[in-house]
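See below for the structure under consideration.
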Amino acid sequence: MIRKKAERTPTHLQCSSSSIWQKVTNLRTLKQVHALFVVNGFNTGPSAIRELIFASAVSIFGAIDYAHQLFDQIPEPNIFTWNTMIRGSAQSADPGRAVYLYTQMDRRAVRPDHYTFPFVLKACTRLRWVDTGLGIHGRIMKLGFEPNVFTRNTLIYFHANCGDICIAKELFDDSAKRGAVAWSAMTSGYARRGDMDNARQVFNEMLIKDMVSWNVMITAYAKGRDMQKARELFDQVPRKDVVTWNAMISGYVSCGGQKQALEVYEEMRCTGVVPDEVTMLSLLSACADLGDLKMGKKIHSSILLMGPKYLDVLLGNALIDMYAKCGDIDRAVEVFHSMSEKDVSSWNSILGGLAFHGYAKETLELFAEMERKKIRPNGITFAAVLIACSHAGSVKQGQGYFRLMKDGYGIEPNTRHYGCMVDMLGRAGLLAEAFDFVEKMKVEPNAVIWRTLLGASRVHGNVELGRKANEELLKKRHDESGDYVLLSNIYASIDDWNEAETVRNLMDDIGVKKKCGSSLVKASGEDFLLGTLSAESLQTKGFRLNF
DNA sequence: CTAGGGTTAG
């Protein structure tokens, strides 16, 4: 995590400009210090500008643009300053600038040193720029930096994780001294390729394992959704830090083990390891999935207790999502408005939440505000907007936004967007248009879309189109009973009990088991539909808004 | 001043 590193203030900075850098934790105070320097004619110290650059490039999160502005004003930066800029850019949101700086350095005939290469290679790895990385490897050899341990380990990591793992292996085997870093780099490389056997073998052969070695392996299992193996190692690990705990917590969350994730968190608290923002992100996601508002609020207050600097965009977005999914849309809106910095996901989370809760008008109003503020919406934004239109039954408006998405913003609609449109048309009873729309879609309609059409056909009592939708649906899924029940219900709703019976028999023939047994017998009409499609089947298939 | 591990929305 970038902010982790920010907490460390380099020792060389502390001595020259006393302790002001400790207090500079955000861009605003940094600008104040800058102004102070300018007023004093940079008399504060010979390295004032260098320190400013270091602070903005490396220490302060999100100040890299400012660092670039400062850097551009220096006529002849020294190698330290070049390295600082490359380092800061490599860990920023746009690592390509690190590579650009490196080429600029070359052009201006500044010789890179052994600090330079780990930073540039890190950028290449993050960007997955294999060819660029290979070129830099060549330069490293030419300049004789290959034996440098830091450079070598970063090279191993680069080749293992995004290039040719054989090159990584060669470098690894030829290393005079192989420390835990090199071993872990190989482990993570194999794991990233899904080669868990080799990853485990490297891990087992490692004589001296440090905490990261264990964390790499535990994370690999957790990401591969093998929580049993992850847990096994987790129970053996001699020492656990926050990353170890986070690996387990996020692993459980992504495997649907939200309850276990919360249990592990309790365990973590007991051992005294302090959670961080990554822990909180996973936990909020777990609460959202469980709909556990009480726990979600607890996590929220824990975050506030951790200090204001932890409440950033990521956590804010997760909070919005949690409150919305737990049914407290007012709190979600409150969090949204309280955020000083918002990104597209913040808008998406709140728009999705509002649309989800049926606040169609509010969703569209907020979307208008988003456009006024010139925040560029993406596909997820439009999914929320279309859901709102569908919910409000505004077909014309929905079609307008659909066009705006395609033509105005150049966003290619995906199955979700098409699904919203089909749902919108179907609800309005425009069945022919809905079917026509599906015919003309650029993507292959999935089961959800056919099911939507089937549902709409049932509601509007159109047997013929219902049959067609069902045929398509059967091609997609042969393992779900809901579809058959839904079709049989269409016939039932128009008193064609014979046909209804036929479908039921078809189900039995194929061996489909009906999950909700009782509803078929006693229910009729609307109640039947609701009863048959209750809870999980609706929720998991994107029908949450329908009822 | 240097290397390896963790993250929300859909």
Side-chain angles (χ1 to χ4, degrees), chain A residues 1-2 4-5 8-13 50-51 53-54 57-59 78-88 90 113-122 125 145 148-158 160-161 179-189 191 210-220 222-223 241-251 253-254 275-288 312-322 324-325 343-353 378-381 383-384 414-416 542:
Chain A
M1 186 75 204
I2 295 156
K4 261 291 107 69
K5 292 188 176 162
R8 267 186 267 139
T9 306
T11 42
H12 74 283
L13 292 185
R50 202 193 306 162
E51 292 177 11
I53 289 176
F54 190 93
V58 180
S59 307
N78 64 8
I79 184 67
F80 172 84
T81 309
W82 278 104
N83 288 341
T84 303
M85 287 303 297
I86 294 174
R87 176 182 173 188
D113 66 3
H114 57 102
Y115 287 106
T116 315
F117 291 109
F119 301 140
V120 200
L121 281 171
K122 187 186 182 172
T125 310
F145 286 117
N148 174 272
V149 190
F150 290 99
T151 307
R152 197 176 186 83
N153 286 340
T154 323
L155 272 172
I156 294 174
Y157 188 78
F158 164 75
N161 279 278
V181 177
W183 285 90
S184 304
M186 289 305 295
T187 313
S188 73
D210 65 1
M211 200 131 64
V212 176
S213 321
W214 286 89
N215 287 345
V216 167
M217 202 60 224
I218 295 172
T219 309
K223 277 199 170 162
D241 69 354
V242 65
V243 178
T244 326
W245 289 98
N246 287 348
M248 291 303 288
I249 293 173
S250 69
V253 172
S254 63
D276 66 2
E277 63 273 35
V278 179
T279 324
M280 295 318 193
L281 279 171
S282 296
L283 292 172
L284 285 173
S285 165
C287 294
D312 63 355
V313 196
L314 249 50
L315 270 177
N317 297 350
L319 278 170
I320 296 171
D321 189 59
M322 182 278 291
K325 289 212 173 122
D343 65 4
V344 116
S345 301
S346 323
W347 290 87
N348 288 350
S349 296
I350 195 63
L351 289 171
N378 60 23
I380 299 165
T381 322
N414 61 27
T415 319
R416 250 183 98 72

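First the proteins, then the strands, lettered A, B, ... as listed; each starts at 1. Just so you know, these numbers come straight off a predicted model, no measurement behind them.
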For the pair made of [atom1] in [X] and [atom2] in [N], what is the distance, rounded to whole Å?
| X | N | atom1 | atom2 | result |
| --- | --- | --- | --- | --- |
| A:I218 | B:dT7 | CD1 | C1' | 17 Å |
| A:L281 | B:dG10 | CG | P | 14 Å |
| A:F158 | B:dT2 | CZ | P | 22 Å |
| A:L155 | B:dG4 | CG | P | 12 Å |
| A:M322 | B:dG10 | CE | P | 14 Å |
| A:I320 | B:dG10 | CD1 | P | 12 Å |
| A:L315 | B:dA9 | CG | C1' | 13 Å |
| A:N83 | B:dA3 | CG | P | 11 Å |

Phosphate oxygens OP1/OP2 of [N]: is one of them under 4.0 Å from a side-chain N or O of [X]?
| X | N | value |
| --- | --- | --- |
| A:T187 | B:dG4 | no |
| A:S250 | B:dT7 | yes |
| A:K325 | B:dG10 | yes |

Nearest-0.5 Å distance, [atom1] of residue [X] to [atom2] of residue [Y]:
| X | Y | atom1 | atom2 | value |
| --- | --- | --- | --- | --- |
| A:F54 | A:R87 | CZ | CZ | 4.5 Å |
| A:D113 | A:N148 | CG | CG | 9.5 Å |
| A:T125 | A:L121 | OG1 | CG | 6.0 Å |

Item to check | Donor-acceptor pair (no angle test) under 3.5 Å: A:D210 side chain, B:dG4 base | outcome: yes
Query raised in the report: Checking only heavy atoms, does the side chain of A:S345 share a donor-acceptor pair with the base of B:dA9 at less than 3.5 Å?
Result: yes
The single option from A:V253, A:L315, A:I320 that satisfies side chain to side chain contact (heavy atoms under 4.5 Å, CB included) with A:L284 is A:L315
Residues at least two apart in sequence or cross-chain that pass ring-ring contact (aromatic ring centres under 6.0 Å, His included) with A:Y115, listed by chain then number, are none
Give the nucleotide from the list [options] with an atom nearest to the side chain of [X].
| X | options | answer |
| --- | --- | --- |
| A:V278 | B:dT7, B:dG4, B:dG10 | B:dT7 |
| A:L314 | B:dC1, B:dA3, B:dT7 | B:dT7 |
| A:S282 | B:dT7, B:dC1, B:dA3 | B:dT7 |
| A:R416 | B:dG4, B:dC1, B:dG10 | B:dG10 |
| A:F119 | B:dA9, B:dT8, B:dT2 | B:dT2 |
| A:F80 | B:dT2, B:dA9, B:dC1 | B:dC1 |
| A:I380 | B:dT7, B:dC1, B:dG10 | B:dG10 |

Report which part of the nucleic acid [X] touches: base, sugar-phosphate, or nothing (heavy-atom distance under 4.0 Å, all strands).
| X | result |
| --- | --- |
| A:N148 | nothing |
| A:N317 | base |
| A:V212 | base |
| A:A220 | nothing |

Those residues at least two apart in sequence (or on a different chain) that pass side chain to side chain contact (heavy atoms under 4.5 Å, CB included) with A:N414 are A:R416, A:H417
